[in-house]
**Q** 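This is the structure I have questions about; it appears just below.
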Amino acid sequence: MSININLLRKGLIRLAILVILFIVTPIITTMGFKGIEKFTESPQLYVSYFLIFLGLSGIIFTIYFAFKAFSILKKAFFNEI
């Protein structure tokens, strides 16, 4: 039983991207919620709502991306093709 090096490399790259997404998406969501508390004028409030939408969409994508990344790593370690 050997490890597929090409899939392992692809999985580790996706794992690095996943760590970055785990850091960035909650920060964007938090910025949006803090913007709603701070701003009362219309254009700035729309930017806050957009940041919340972007952050929550990013969190959903991050969860999906995590499943895909760990699936690739599982295939690399257990030789499933």
Side-chain angles (χ1 to χ4, degrees):
M1 188 158 109
S2 63
I3 296 175
N4 189 342
I5 300 298
N6 291 332
L7 276 179
L8 181 64
R9 183 178 300 124
K10 187 177 180 182
L12 290 177
I13 289 171
R14 288 190 181 208
L15 197 61
I17 294 170
L18 182 65
V19 169
I20 293 169
L21 286 173
F22 275 145
I23 294 169
V24 170
T25 54
I27 291 173
I28 291 173
T29 307
T30 304
M31 286 172 40
F33 281 117
K34 287 189 180 206
I36 287 179
E37 291 177 2
K38 185 176 181 181
F39 300 125
T40 56
E41 296 177 10
S42 183
Q44 294 171 338
L45 195 59
Y46 292 145
V47 171
S48 299
Y49 284 128
F50 177 71
L51 284 177
I52 290 174
F53 174 74
L54 188 68
L56 292 178
S57 299
I59 289 172
I60 292 170
F61 174 73
T62 302
I63 293 170
Y64 169 75
F65 196 74
F67 280 112
K68 295 298 280 184
F70 287 118
S71 172
I72 290 174
L73 286 173
K74 183 183 78 163
K75 288 178 185 177
F77 284 125
F78 297 119
N79 255 349
E80 297 176 11
I81 296 178

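These values consider heavy atoms only, across backbone and side chains, with no hydrogens, waters or symmetry-generated copies. Just so you know, residue 1 is the first one in the sequence shown, and it goes up from there.
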**Q** So do the side chains of K75 and N4 get within less than 4.5 Å of each other, counting heavy atoms only?
**A**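 K75 does not reach N4 side chain to side chain.
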**Q** Name every donor-acceptor pair, under 3.5 Å, that has one atom in a side chain of residues 24-41 and the other anywhere in the protein, sequence neighbours excluded.
**A**
unit_1, atom_1, unit_2, atom_2, d
T25, OG1, L21, O, 2.8
T29, OG1, T25, O, 3.0
T30, OG1, P26, O, 2.8

**Q** Given L7 and F77, is the side-chain contact (heavy atoms from CB on, under 4.5 Å) satisfied, shown in steps?
**A** CA-CA 9 Å; L7 276 179; F77 284 125; over 6 Å; no
**Q** State yes or no: do I60 and L56 share one hydrophobic cluster built from I, L, V, M, F, W and Y residues joined by side-chain heavy-atom distances below 4.5 Å, directly or via other members?
**A**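 I60 and L56: separate clusters.
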**Q** Would you say I20 ends up clustered with L51 if hydrophobic residues are merged whenever their side chains have heavy atoms under 4.5 Å apart, either directly or through other cluster members?
**A**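 In one cluster: yes.
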**Q** Taking S2's backbone N and O only, do any of them form a donor-acceptor pair with N79's side chain (distance below 3.5 Å, no angle check)?
**A**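 Such a contact is found between N79 side chain and S2 backbone.
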**Q** Applying ring-ring contact (aromatic ring centres under 6.0 Å, His included), which residue pairs with at least one partner in residues 45-64 are found, sequence neighbours left out?
**A**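 Every ring-ring contact (aromatic ring centres under 6.0 Å, His included) pair that includes a residue of residues 45-64, provided the two are not neighbours, is F61-F65.
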**Q** Distance from L18 atom CG to I23 atom CD1, nearest 0.5 Å?
**A**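 The CD1 atom of I23 is 10.0 Å from CG of L18, to the nearest 0.5 Å.
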**Q** Are I59 and F70 in one and the same hydrophobic cluster, where Ile, Leu, Val, Met, Phe, Trp and Tyr link if side-chain heavy atoms are under 4.5 Å apart?
**A**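 Unlinked, I59 and F70 end up in two clusters.
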**Q** Could you grab the distance from atom CG of L12 to atom CG of L8, nearest 0.5 Å is fine?
**A** 4.5 Å
**Q** How far does CD1 of I13 sit from CD1 of I72, to the nearest 0.5 angstrom?
**A**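 So the gap between those two atoms works out to 10.0 Å.
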